[in-house]
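Keep in mind the model is a prediction, meaning the values are calculated, not measured. Proteins come first, then strands; the chains are lettered A, B, ... in the order of their sequence lines, and each starts at number 1.
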There are 2 protein chains.
Amino acid sequence: MKSNIRPGTTKIPRAIFPAPDHDHERCASTAIAYAETQCAARGQRLTPMRRHVLEALLASHKPLGAYEIIERLANKNGRPAPITVYRSLDFLRENGLVHRIESRNAFVACGHNHAGDDLVVFLICERCGAVGEAPGGGVAEALRASSRAAGFSPKNPLIEIVGICSHCRE
Amino acid sequence: MKSNIRPGTTKIPRAIFPAPDHDHERCASTAIAYAETQCAARGQRLTPMRRHVLEALLASHKPLGAYEIIERLANKNGRPAPITVYRSLDFLRENGLVHRIESRNAFVACGHNHAGDDLVVFLICERCGAVGEAPGGGVAEALRASSRAAGFSPKNPLIEIVGICSHCRE
DNA sequence: CACTTTTATGTTGCGCTGCAGCAAAAAGCG
DNA sequence: CGCTTTTTGCTGCAGCGCAACATAAAAGTG
């Protein structure tokens with residue numbers, strides 16, 4: 001199936017919290033296209049199931065629990081089993097397309113607001129539930145310093161902050 | 001508004017990761033004594049149940065799941081119901097005596113390595129499972145800056161880092 | 001092409017997590 | 001002492017997460 005996004009789109013500075021009235025159709029299809037590219041480049045297969053899971057997450061812009069995803073994928077052909085969704089989520093996470101929000105037992109599509117292995121700071125709006133990804137450059141440094149002071153060799157920092165997002169504050 | 005309490009204990013330089021051979025008997029009883037003082041000062045009751053839960057956590061120096069705690073509290077008189085333990089954990093958390101490690105769905109006794117409302121950085125050793133609490137002074141600053149850049153008003157930062165602790169590295 | 005190997009999905013089942021709702025017991029108070 | 005508030009016990013349940021095994025689909029191979 002052919003996508004109707006324009007290939008030559010220049011990189012738009014992405015808002016950390018998408019405006020309520022943003023062109024969602026487009027933002028989702030861009031993300032799917034990126035996922036395809038990414039998987040192809042890594043020799044991984046973005047199967048229909050995996051794509052469906054990613055689409056469900058993209059459609060919400062909010063973290064979804066695994067069983068919420070199941071709910072949204074349910075149709076007249078029945079619903080996927082939990083394990084099926086969990087496996088797709090594992091795949092998507094391994095390929096940097098989905099994050100897990102630990103404090104909520106939920107998952108969110110990656111906003112790609114950060115370079116590959118960099119530290120990500122998740123900003124969780126307690127009002128609308130949206131999750132933003134802020135680049136954590138300076139934080140990473142401070143964190144490494146603090147860790148080393150404790151004789152600790154850090155690996156995967158996880159930062160989640162609850163608060164009020166820019167749109168809900170207005 | 002909650003600054004009326006000042007721990008009267010002289011500040012002992014507390015290792016972030018307790019040495020494997022430290023005087024555990026003493027470290028636990030000190031923590032219990034502190035909990036009693038703290039609760040008394042706040043007009044809260046450290047009941048036997050709550051104390052047992054705290055003791056179980058202190059005895060392990062590692063995060064325990066709720067059902068692990070139940071297991072350790074079980075005796076010839078039977079075992080506490082999950083809800084009972086969860087309620088005690090809620091109480092202990094509200095009074096700053098226990099932390100929840102979100103990425104593990106587990107709980108750990110507070111090491112008091114941080115001032116009351118300050119940011120805490122949890123260092124989780126992937127080898128021995130121990131959890132250290134590093135003061136997050138510099139990190140908090142960087143975090144606030146990063147948040148504000150995104151138009152986000154932060155409330156409860158949560159930082160958990162997986163890595164190797166000082167003792168396991170040797 | 002048939003055949004093997006690898007990868008992905010479906011099915012069943014189960015243990016852990018976390019709490020709601022109500023009842024009983026214990027502690028605090030006039 | 002009665003009365004209120006707090007705490008604990010009991011029953012039950014929904015969401016989370018995955019193990020173990022079976023089947024199907026894709027990819028590699030001669």
Less than 4.0 angstrom between a side-chain N/O of [X] and OP1 or OP2 of [N], yes or no?
{"X": "Arg100(A)", "N": "dC16(D)", "result": "no"}
{"X": "Thr84(A)", "N": "dA8(C)", "result": "no"}
{"X": "Tyr86(A)", "N": "dG17(D)", "result": "yes"}
{"X": "Asn105(A)", "N": "dG15(D)", "result": "no"}
{"X": "Tyr67(A)", "N": "dC16(D)", "result": "no"}

Point to revise | Donor/acceptor link under 3.5 angstrom from Arg87(A) side chain onto base of dG10(C) | key: yes

Correct closest heavy-atom pair for Leu46(A) and Phe91(A) would be CD1-CE2, 4.4 Å

Val139(A) and Ser146(B) have their tightest heavy-atom pair at CG2-CB, 4.4 Å

Separation of [N] [atom2] from [X] [atom1] (nearest whole Å):
{"X": "Glu68(A)", "N": "dA14(D)", "atom1": "CD", "atom2": "P", "answer": "16 Å"}
{"X": "Arg79(A)", "N": "dT9(C)", "atom1": "CZ", "atom2": "P", "answer": "19 Å"}
{"X": "Met49(A)", "N": "dT23(D)", "atom1": "CE", "atom2": "C1'", "answer": "17 Å"}
{"X": "Phe91(A)", "N": "dT9(C)", "atom1": "CZ", "atom2": "P", "answer": "9 Å"}
{"X": "Ile69(B)", "N": "dG18(C)", "atom1": "CD1", "atom2": "C1'", "answer": "13 Å"}
{"X": "Ile70(A)", "N": "dC18(D)", "atom1": "CD1", "atom2": "C1'", "answer": "12 Å"}

| query | Do the charged groups of Glu36(B) and Arg51(B) touch, with an N to O distance under 4.0 Å? | reply | yes

Exercise. Charged N to carboxylate O below 4.0 Å: is that the case for Asp90(B) and Arg93(B)?
Worked result: yes

Assert: residue with more 5' nearest nucleotide on DNA chain D, out of Arg104(A) and Arg45(B), is Arg45(B)

Of the listed dA8(C), dT7(D), dG18(C), the closest approach to the Arg50(B) side chain comes from dT7(D)

Closest to the side chain of Ile83(A), out of dG21(C), dA19(D), dT17(C), is dA19(D)

Can you say whether the rings of Phe152(B) and Phe17(A) are parallel (under 30°), tilted (30 to 60°) or perpendicular (over 60°)?
-> parallel

